Amino acid sequence: VREGGGETFRSGGGGEGEQGQVLCEIDSGPCKGELRRVTGWLGRDSANLAQAKGVVARYAALAKSGYVTQEQIDQNNATAAALEATVSADRASVEAAHVAVDQSVIRAPITGRTGVLAFKAGNLVRASSDPALVTISAVRPDVVKLAIQERGLAEPRKRAGVDAKLVTLLHPGRYRL
């Protein structure tokens, strides 16, 4: 993280956070520069491909009249095919650059309470850094299992306002509220 490089920190730590919430933004300048570079390559190679396809079409018309050799037609077809492969590779590079730009924004993977941030502006951060940039503790558990004897089940059900019809048998002697 470069100081003054456009990074911002959304959480000072210790606060509640929602899944998908932006925790921080890392300087995306180099990634955006790479995106512009590969987008330029895609434009250049797409224009060359369009020209090559025009040449192939013109030579196909000339071949019917016998004005060009089969070797010239094959060469122009090979050039067009190579440019199609280049344009396909350029598109993949543009997609990869978009992913890199998107990954400069770090989002919370779960809802929970954030711990103390382990970095500040000026720190160098990288994937799989140790210690973690921030720890998020889930404060709302997904599943709660309680062992209650059947004779003690009536009181918790009454407190929770759960109807007896909602209690389902999991195993003999175990119930789900």
Side-chain angles (χ1 to χ4, degrees), residues 1-46 84-177:
V1 177
R2 290 185 322 158
E3 191 157 7
E7 65 283 339
T8 55
F9 304 97
R10 308 285 187 195
S11 172
E16 292 291 322
E18 296 293 322
Q19 181 177 3
Q21 176 183 345
V22 174
L23 296 174
C24 70
E25 297 177 26
I26 297 174
D27 181 16
S28 62
C31 298
K32 289 179 179 177
E34 177 68 9
L35 177 59
R36 285 189 298 272
R37 184 171 66 88
V38 296
T39 301
W41 287 355
L42 176 60
R44 177 198 62 204
D45 293 336
S46 295
E84 284 179 357
T86 301
V87 166
S88 178
D90 290 346
R91 284 190 183 115
S93 295
V94 167
E95 288 176 21
H98 274 291
V99 168
V101 169
D102 291 344
Q103 289 177 343
S104 67
V105 176
I106 299 175
R107 298 180 183 279
I110 62 171
T111 297
R113 181 174 295 277
T114 61
V116 177
L117 295 175
F119 61 97
K120 296 177 185 166
N123 291 143
L124 175 65
V125 295
R126 57 191 148 110
S128 302
S129 63
D130 190 30
L133 299 177
V134 67
T135 301
I136 302 174
S137 301
V139 293
R140 292 184 201 106
D142 292 331
V143 177
V144 176
K145 293 184 179 182
L146 303 171
I148 300 175
Q149 293 181 4
E150 186 174 356
R151 65 178 173 253
L153 188 59
E155 183 63 27
R157 263 193 6 232
K158 189 169 110 179
R159 286 185 191 174
V162 176
D163 187 7
K165 296 176 186 174
L166 296 178
V167 177
T168 58
L169 179 64
L170 294 176
H171 298 287
R174 294 186 181 193
Y175 297 89
R176 179 186 298 161
L177 294 178

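Everything numeric in this text was worked out from a predicted model, so none of it was measured.
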*Asks:* List the atom of R107, the atom of G20, and the distance in Å for their closest heavy-atom pair.
*Replies:* NH1-O, 3.2 Å
*Asks:* When rounded to the nearest 0.5 angstrom, what distance separates CG in D90 from CG in D45?
*Replies:* 4.5 Å
*Asks:* How many angstroms lie between atom CZ of R91 and atom CG of L42, to the nearest 0.5 angstrom?
*Replies:* 6.0 Å
*Asks:* Working to the nearest 0.5 angstrom, can you tell me the gap between Q19 CD and I110 CD1?
*Replies:* 8.0 Å
*Asks:* Of the non-hydrogen atoms in A108 and I136, which two are nearest, and what is the gap between them?
*Replies:* CB-CD1, 3.9 Å
*Asks:* How long is the straight-line distance from SG of C31 back to NE2 of H98, given to the nearest 0.5 Å?
*Replies:* 12.0 Å
*Asks:* Does a side-chain heavy-atom distance below 4.5 Å link E34 with V38?
*Replies:* yes
*Asks:* For the residue pair I106 and V22, establish whether any side-chain heavy-atom pair is separated by less than 4.5 Å.
*Replies:* no
*Asks:* First locate atom OG of S93, then atom CZ of R37, and finally report the distance between them rounded to the nearest 0.5 Å.
*Replies:* 8.0 Å
